[in-house]
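Some notes on the structure that comes next.
As a basis for the values below, the full set of heavy atoms in this structure was taken, side chains included, without hydrogen atoms, waters or symmetry mates. In this text, all values refer to a predicted model and were calculated from it rather than measured experimentally.
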Amino acid sequence: DSARYVIPAPNIRNWGIRGHFGASAIVARSDGPGAAGTPSACRSGPPRPSVDHDSPPAILGYDAVMSSVSTLGLGTVRLGTRGSLLARRQSEWVAGQLRQAHPSLAIEIVIVRTTGDRIQDRSLADAGGKGLFVKELEQAILDGSIDFAVHSYKDLPVTMPLVESAELAIVASPAREDARDVLISRVAGSIDELPSGATVGTGSLRRKCQLLDARPDLRIEPLRGNIDTRLKRLDDGSLDAIILAAAGIRRGKLWDDSCMSALPIDRMIPAAGQGALALQCRRGDSRPSGLLSVLNDAVSEIGRASCRERV
């Protein structure tokens with residue numbers, strides 16, 4: 001399952017495309033393929049993910065845009081990403097940084113639905129591990145469907161990868177975001193402040209173990225789904241708190257001081273590589289690795305490598 005859209009211009013704002021192509025690059029917002037009021041030109045072309053108002057836009061004149069960008073100085077590079085809101089936001093950030101470094105480059109974003117995204121009825125530990133979030137993206141690199149993928153580093157398996165990794169390489173890791181976890185709650189600002197017997201939602205075995213070590217009285221409920229789904233569990237009162245990675249919240253510009261508190265690392269040890277991004281391509285593929293090398297942050301790379309070596 002995949003969908004594609006193109007970012008040919010320097011400015012990326014509200015899923016808009018502006019600049020080089022004028023009318024051929026006009027975009028139209030849609031609630032999904034065939035939505036009421038959507039121009040007929042937007043209902044044709046490659047499939048798009050059905051994700052509410054945050055979906056990538058339909059692109060008018062898609063074929064014209066694609067044929068035009070291929071004549072620019074650096075042509076087009078295909079970026080693969082998961083379809084979740086947070087994954088798309090961080091991939092848009094990478095695309096923006098890449099365009100700043102290479103102004104004549106166009107980025108085609110290819111959204112790939114992974115096994116980890118499909119499985120919502122059980123924990124990842126029971127289903128096969130976090131590698132399920134990167135499996136299809138790595139396969140897409142190897143079969144040539146995309147040039148590189150943007151991963152959350154913590155989703156990459158440290159041992160026992162699900163895809164043969166000999167032909168894959170992490171060629172860049174941009175500056176690391178906040179590595180901490182965040183407690184989201186309307187009744188407490190810290191783990192210690194949670195009421196006795198409070199119900200906390202998390203799909204992470206790591207977080208569950210640390211929560212119960214600090215507060216054996218807590219009730220831990222499995223929690224999967226996108227950020228909106230998780231936050232609704234707080235609004236409907238079925239959970240007293242949830243725990244997520246602070247990096248995703250900050251990159252998604254979703255931080256809310258009224259209900260979010262970053263947890264000190266000595267109270268909640270993060271996953272190895274949490275807060276860092278991994279830009280992966282086929283080993284020896286000089287074009288994407290050369291383009292992406294400008295995004296690498298040496299400090300982030302050292303910190304990420306030392307974390308994973310200790311796992």
Side-chain angles (χ1 to χ4, degrees), residues 2 74 76-84 86-102 105 107-112 114-117 124 128-179 206 245 247-248 250-251 270-311:
S2 66
L74 290 176
T76 305
V77 65
R78 296 164 300 170
L79 180 164
T81 180
R82 293 170 54 209
S84 71
L86 298 184
R88 295 199 317 270
R89 289 277 173 89
Q90 65 190 21
S91 293
E92 293 285 1
W93 179 86
V94 169
Q97 296 297 304
L98 198 56
R99 287 286 286 114
Q100 286 185 25
H102 308 290
L105 179 69
I107 297 99
E108 177 186 359
I109 293 185
V110 182
I111 296 177
V112 178
T114 68
T115 303
D117 296 313
L124 288 177
K130 282 196 169 185
L132 296 175
F133 281 131
V134 303
K135 176 183 174 183
E136 283 80 5
L137 285 165
E138 292 184 328
Q139 290 173 333
I141 293 173
L142 294 175
D143 70 21
S145 299
I146 59 175
D147 296 305
F148 74 99
V150 177
H151 304 295
S152 292
Y153 230 123
K154 66 184 180 66
D155 290 340
L156 293 172
V158 179
T159 60
M160 300 178 65
L162 300 181
V163 174
E164 174 55 51
S165 59
E167 296 300 316
L168 296 166
I170 304 299
V171 295
S173 181
R176 191 175 188 178
E177 245 293 357
D178 192 338
R206 168 185 60 85
R250 294 190 185 281
R251 285 196 184 103
Q274 184 161 303
L277 298 178
L279 310 186
Q280 184 184 48
C281 68
R282 182 188 288 271
R283 189 177 301 279
D285 193 343
S286 58
R287 182 170 182 264
S289 62
L291 292 170
L292 295 169
S293 62
V294 298
L295 302 187
N296 193 55
D297 180 78
V299 173
S300 177
E301 185 177 15
I302 293 170
R304 176 269 309 162
S306 61
C307 281
R308 290 172 69 84
E309 284 173 3
R310 286 166 171 75
V311 174

Test item: H102 and V77 side chains (from C-beta on) under 4.5 Å apart, heavy atoms: no
Non-hydrogen side-chain atoms of T81 and Q90 separated by less than 4.5 Å: no
Flag, side chain of R78 to backbone of S145, donor-acceptor distance under 3.5 Å: yes
Side chain to side chain, P157 and V134, heavy atoms closer than 4.5 Å: yes
pair E92-I109: side-chain heavy atoms closer than 4.5 Å: yes
Contact summary for A95 and I107, nearest pair of heavy atoms: O-CD1, 3.8 Å
Which atom of A101 lies closest to which atom of V294, heavy atoms considered: CB-CG2, 3.6 Å
Student check: side-chain heavy atoms of I170 and L156 closer than 4.5 Å: yes
Sidechain-backbone polar pair: N296 side chain, S173 backbone, donor-acceptor under 3.5 Å: yes
Any side-chain heavy-atom pair of L279 and V150 under 4.5 Å: yes
Minimal non-hydrogen separation, V171 against C281, with atom names: CG1-SG, 3.6 Å
Heavy-atom side-chain proximity of R206 to K154 below 4.5 angstrom: no
L168 side, atom CG; L142 side, atom CG - distance, nearest 0.5 Å: 4.5 Å
Pair listing, side chain to side chain donor-acceptor pair (under 3.5 Å) test, anchored in residues 282-294, at least two apart: none
Sub-4.5 Å side-chain heavy-atom contact between F148 and L79: yes
Nearest-0.5 Å distance that lies between atom CG in L277 and atom CZ in R176: 10.5 Å
Non-neighbouring partners of A149 that pass side chain to side chain contact (heavy atoms under 4.5 Å, CB included), sequence neighbours left out: L137, I141, I146, H151
Backbone of A87 reached by a side-chain donor or acceptor of S84 within 3.5 Å: yes
